[in-house]
Amino acid sequence: MGDKNALLSRLVYRGILRWAKEHSDVPFSIQQTHVNAVLPELVGVKMNLQDASAVRYLARYGFESTDGNVDRGLEALRLLNTHYHRVVEEMRRTRREKSQIVDAVKYKIGQVFRHKKYGYKGIIYGFDETCQRDEEWMRQMGVRNPDMPFYYALPDEMDSTRFFGGFRLSKYVAEENIAALEDGKVVHRALENFFIGYSKDMKRYVPTKRLQFEYPDEEYERMMIDMVPVADDANLLLYDDDDDHNDTNASR
């Protein structure tokens with residue numbers, strides 16, 4: 001029985017490492033809740049849960065124990081082949097789609113702008129080649145030309161309070177309403193979910209590894225040279241990075 005369990009343990013361990021190798025090109029994030037469920041002894045332990053290297057680390061840690069590692073490994077494989085398979089495939093799909101339209105949009109990820117009509121500052125963290133909202137939304141927002149590029153943006157919190165009476169998580173902005181700013185900083189509580197720093201030379205925020213993967217741009221490497229952290233422009237109210245970060249509510 002012991003030899004059988006040892007063999008199964010090795011097979012599961014190799015299966016996890018094989019999965020990590022196959023998806024090593026995708027900078028996905030592991031959810032802390034999944035780590036807590038599979039390895040409850042790590043609850044409260046801070047660690048880097050980015051990309052396939054974290055999968056390899058957690059697998060090694062989990063299989064150091066002789067008790068229950070097969071069951072835990074099987075649960076880890078189930079999560080990898082279901083939830084995380086969907087995550088990485090969605091990221092690859094987004095990368096393919098955005099790579100095809102990057103030349104059709106005027107502004108790039110991390111660009112700071114001021115809304116021409118409403119006056120608030122914002123940072124671009126995504127874009128669509130054309131408006132992807134339904135007809136009712138476009139009618140309510142007064143969209144005149146849905147065939148132009150539209151951008152997902154984090155609006156400055158102080159501007160949101162001043163112009164809208166309170167916090168707004170995200171905005172969906174037509175290209176014609178964007179006035180790029182040569183310099184400018186934005187304060188937003190979820191900033192660290194989308195950006196890791198600010199390039200003083202490029203005058204753009206540097207996106208996370210996930211956004212860099214989904215929205216390829218040859219300037220990212222240059223932006224890292226003089227990058228300063230975004231911590232001063234964000235606060236502690238962050239949300240799960242595995243959420244669909246393009247699925248937001250009100251925008252103008």
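The first residue in the sequence is number 1, and the count goes up from there. In this text the structure is predicted, and so the values were computed from the model without any measurement.
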Pairwise distance CD1(Ile225) to CE(Met223) - rounded to 0.5 angstrom: 11.0 Å

Output the distance between atom CG (Leu80) and atom NE2 (His34), rounded to the nearest 0.5 Å. 10.0 Å

With side chains defined as the heavy atoms from C-beta onward, is the minimum distance between Tyr13 and Phe63 less than 4.5 Å? yes

Checking Asp201 against Arg222 for the salt bridge (charged side-chain N to carboxylate O under 4.0 Å, His left out) test, could you report, in this order, the C-alpha distance in whole Å, the side-chain angles of both residues, the deciding distance, and whether it holds? CA-CA 9 Å; Asp201 179 47; Arg222 178 182 168 190; 3.2 Å; yes

Heavy-atom check, side chain of Tyr107 versus side chain of Arg204, under 4.5 Å: no

Under the side chain to side chain contact (heavy atoms under 4.5 Å, CB included) criterion, do Tyr198 and Lys203 qualify, and how do the steps go? CA-CA 7 Å; Tyr198 180 79; Lys203 311 299 183 186; 4.0 Å; yes

Check whether any side-chain heavy atom of Ile124 lies under 4.5 Å from a side-chain heavy atom of Phe113, and answer yes or no. yes

Nearest 0.5 Å, what's the OG-CD distance between Ser99 and Glu97? 10.0 Å

So, do Ile16 and Leu77 sit near enough that their side-chain heavy atoms are less than 4.5 Å apart? yes

Looking at Arg56 and Leu17, would you say the former's side chain and the latter's main chain have a donor-acceptor pair under 3.5 Å? no

Could you tell me if the side chain of Leu42 sits less than 4.5 Å from the side chain of Leu58, heavy atoms only? yes

Basic-acidic side-chain contact under 4.0 Å: Arg92, Asp25: yes

How long is the gap from CG on Asn36 to OG1 on Thr33, to the nearest 0.5 Å? 7.0 Å

Please determine whether a side-chain nitrogen of the Lys or Arg among Lys116 and Glu176 lies less than 4.0 Å from a carboxylate oxygen of the Asp or Glu. no

Tell me whether Phe167 at atom CZ has more than 12 heavy atoms from other residues, nucleotides or ligands lying less than 6.0 Å away. yes

Could you tell me which non-hydrogen atom of Pro149 sits nearest to which non-hydrogen atom of Ala104, and how far apart they are? CG-O, 3.6 Å

Taking all heavy atoms of Gln111 and all of Ala180, pick out the closest pair and write down the distance. NE2-CB, 3.6 Å

Decide salt bridge (charged side-chain N to carboxylate O under 4.0 Å, His left out) for Glu136 and Arg139; before the verdict, give the C-alpha distance in whole Å, the side-chain angles of both, and the deciding distance to 0.1 Å. CA-CA 5 Å; Glu136 181 180 356; Arg139 185 169 57 254; 5.3 Å; no

Between Val55 and Ala20 the two heavy atoms that sit nearest each other are CG1-CB, 4.0 Å

Using the six-membered ring wherever Trp is involved, compare the ring planes of Phe28 and Tyr84 and label them parallel, tilted or perpendicular (cut-offs 30° and 60°). tilted

Separation of Tyr215 OH from Phe127 CZ (nearest 0.5 Å): 6.0 Å

With a distance cut-off below 6.0 Å to the six-membered ring centre and an angular limit of 45° from the axis, does Lys171 pair with Phe164 as a cation-pi contact? yes

Keeping Arg114 on the side-chain end and Ala179 on the backbone end, is there a donor-acceptor pair under 3.5 Å? no

Is there a side-chain contact between Trp137 and Tyr172 (heavy atoms, below 4.5 Å)? yes

Could you go through the side-chain hydrogen bond (donor to acceptor under 3.5 Å, both in side chains) check for Asp226 and Ser199 one step at a time? CA-CA 6 Å; Asp226 67 337; Ser199 170; 3.0 Å; yes

With no hydrogens and no angle check, is any side-chain donor or acceptor of His23 less than 3.5 Å from a backbone partner on Val88? no

What are the two closest heavy atoms between Lys106 and Glu175, and how far apart are they? N-OE2, 3.0 Å

I need the minimum non-hydrogen distance between Ile30 and Ala54, along with the two atoms involved. CD1-CB, 3.7 Å

Which atom of Pro155 lies closest to which atom of His188, heavy atoms considered: O-CD2, 3.0 Å

Could you tell me whether Arg93 and Glu90 have a side-chain N and a carboxylate O separated by less than 4.0 Å? yes

So, taking the atom named OG1 in Thr208 and the one named CZ in Phe194, what distance separates them when rounded to the nearest 0.5 Å? 8.0 Å

Walk me through whether Tyr205 and Leu191 qualify under side chain to side chain contact (heavy atoms under 4.5 Å, CB included). CA-CA 10 Å; Tyr205 279 90; Leu191 193 62; 4.0 Å; yes

Is there a side chain to side chain contact (heavy atoms under 4.5 Å, CB included) between Asp128 and Tyr151? Walk through the geometry before answering. CA-CA 6 Å; Asp128 295 319; Tyr151 299 82; over 6 Å; no

For Met224 and Ile196: C-alpha separation, side-chain torsions, deciding distance, then whether side chain to side chain contact (heavy atoms under 4.5 Å, CB included) applies. CA-CA 10 Å; Met224 300 285 286; Ile196 58 175; 4.1 Å; yes

Any side-chain to backbone donor/acceptor pair from Asp156 onto Val186? Under 3.5 Å, distance only. no

Keeping Lys121 on the side-chain end and Lys185 on the backbone end, is there a donor-acceptor pair under 3.5 Å? yes

Heavy-atom side-chain contact between Arg86 and Glu89 under 4.5 Å: no

Answer yes or no: does atom NZ of Lys209 have more than 12 heavy-atom neighbours from other residues, nucleotides or ligands under 6.0 Å? no

Please examine the side chains of Asp217 and Ile109, heavy atoms only from C-beta on, and report whether any two atoms are closer than 4.5 Å. no

Give the C-alpha distance, both sets of side-chain angles, the deciding distance and a yes or no for ring pair (Phe, Tyr, Trp, His ring centres under 6.0 Å) between Phe163 and Tyr120. CA-CA 7 Å; Phe163 295 116; Tyr120 63 84; 7.3 Å; no

Could you walk me through whether Arg72 and Glu75 pass salt bridge (charged side-chain N to carboxylate O under 4.0 Å, His left out), step by step? CA-CA 5 Å; Arg72 296 193 298 186; Glu75 175 60 13; over 6 Å; no

Answer yes when Arg189 and Glu157 have at least one side-chain N-carboxylate O distance shorter than 4.0 Å, and no when they do not. yes

Heavy atoms from other residues, nucleotides or ligands near NZ of Lys200 exceed 12 (cutoff 6.0 Å): no

